[in-house]
Protein chains: 2
Amino acid sequence: MRLSSMADYAVVTMSAAARHCGMVRVSAAQLAQETGLPVPTVQKLVSLLTAAGLLRSSRGTGGGLKLARPAAAISLADIVEAVEGPIALTSCVDNGKHDCALEGSCTVRPHWGVVNAAMRGALADVPLTRLAETAA
Amino acid sequence: MRLSSMADYAVVTMSAAARHCGMVRVSAAQLAQETGLPVPTVQKLVSLLTAAGLLRSSRGTGGGLKLARPAAAISLADIVEAVEGPIALTSCVDNGKHDCALEGSCTVRPHWGVVNAAMRGALADVPLTRLAETAA
DNA sequence: CCTAAATCAGACTGATTCGTTCTGATTTGG
DNA sequence: CCAAATCAGAACGAATCAGTCTGATTTAGG
């Protein structure tokens, strides 16, 4: 039930990137300085976030990052899924993986889907714009 | 964002134990047979669940387990917390641990509390009685 | 056109945690 | 008093995670 550190850092990094909303070019090193995270860690994070389609990267001298979508269209769920993969509390709800010995006779399985949806909904309800606000 | 296997197994085990609601004595080996889990694993689980106050154990010949409380008074959140510890997505919301470099200037921290409460609420809304129902 | 600097992208290593198994201490019934 | 059956705790191996490093690609300037 605990979020991985990388996912936590990813949220902080995206939040920092959102503050440069109009800025087309923000280097990973600059984000590392603002967030206080190690530079290599931020580099790995931006790679994952870019691969997930949340950031757009420009290489070469003077290159950098920018948000692929408006900050309002990016939620906590998007960021978490980009780093940790699909949100699935148990292997049952992942994508129909049938590696459980109980299978059909399991009475708890149908309820996991409901709980899982509630979890995802709680994360999807928080847009990146709210996280970037300086004042609570 | 994934539940540990032990927590998953604990839910199944508790669900199996709840079906023997009136039975005062249910051995761990019997629960293992009903759930299809390895016997040593179930033994470790019942140790944790007993320590958390969800099960009451009787030792000696003919001993066994029984629910410490009515099944309606046990929720998913209780079981998960018994195995995985307190529900806290990030270290910030655990118990005021101040190991984050950002500390006061972190804009995302106040929102974690809200999300965390939503998560816990989703788990607390599912009582053990519903999980033990044979038909969905 | 070429050189050089700066960037992202992928691969590797060490450590921590998780899952499993095993052995021992305790208790009750005969 | 003896013996069987149970729970409780400790030890081992495996897998995942966090962090670091080196290399490939691209752009700006000379």
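Within every chain, numbering begins at 1; the chains are lettered A, B, ... in the order of the sequence lines, protein sequences first and strands thereafter.
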Tell me: CE of B/M1 to C1' of D/dC17, nearest whole Å? 17 Å
Rounded to the nearest Å, what distance is computed from the CD atom of residue B/Q30 to the C1' atom of nucleotide D/dA5? 14 Å
The side chain of A/Y9 lies closest to which of these nucleotides: C/dA9, D/dG19, C/dC22? D/dG19
Starting from C1' on D/dC17, measure out to CZ on A/R2 and report it in whole angstrom. 14 Å
For A/L45 and D/dT20, what is the distance between atoms CG and P respectively, to the nearest whole Å? 12 Å
Nearest to the side chain of B/S47, heavy atoms from C-beta on, is which of C/dT20, D/dA8, D/dC21? D/dA8
Can you find a heavy atom in the side chain of A/K66 that is under 4.5 Å from one in the side chain of A/V26? no
Rounded to the nearest angstrom, tell me the gap between atom CZ in B/R56 and atom P in D/dC7. 15 Å
To the nearest Å, how far apart are B/D8 CG and C/dC18 P? 15 Å
Before accepting this row, confirm whether a basic side-chain N of the pair A/R120/A/E81 lies closer than 4.0 Å to the acidic partner's carboxylate O. yes
Tell me, please, which residues at least two apart from B/S75 pass side-chain hydrogen bond (donor to acceptor under 3.5 Å, both in side chains). B/D78
Touch class at under 4.0 angstrom, heavy-atom based, for B/A28 against every strand present: sugar-phosphate
Reading DNA chain C from 5' onward, which residue's closest nucleotide shows up sooner: B/R59 or A/S27? A/S27
Under-3.5 Å donor-acceptor pair between B/T61 side chain and D/dA4 base: yes
What I want to check is whether the side chains of B/R19 and A/T107 have a donor and an acceptor closer together than 3.5 Å. yes
Residue B/Q43, side-chain heavy atoms: nucleotide from C/dT20, D/dT20, D/dC7 that is nearest: D/dC7
Answer with base, sugar-phosphate or nothing: what part of the nucleic acid does A/S57 contact at a heavy-atom distance below 4.0 Å? sugar-phosphate
Atom CG of A/L49 to atom P of C/dG10: distance rounded to whole Å? 13 Å
Between D/dA10 (P) and B/L48 (CG): distance, integer Å: 13 Å
Given C/dA9, D/dT20, C/dT20, which nucleotide is nearest the side-chain atoms of A/T50? C/dA9
Can you tell which of D/dG19, D/dC21, C/dT20 lies closest to the side chain of A/K44? D/dG19
Whether the A/H20 and A/E34 side chains hold a donor-acceptor pair (N or O, under 3.5 Å, no angle test) is what I'd like checked. yes
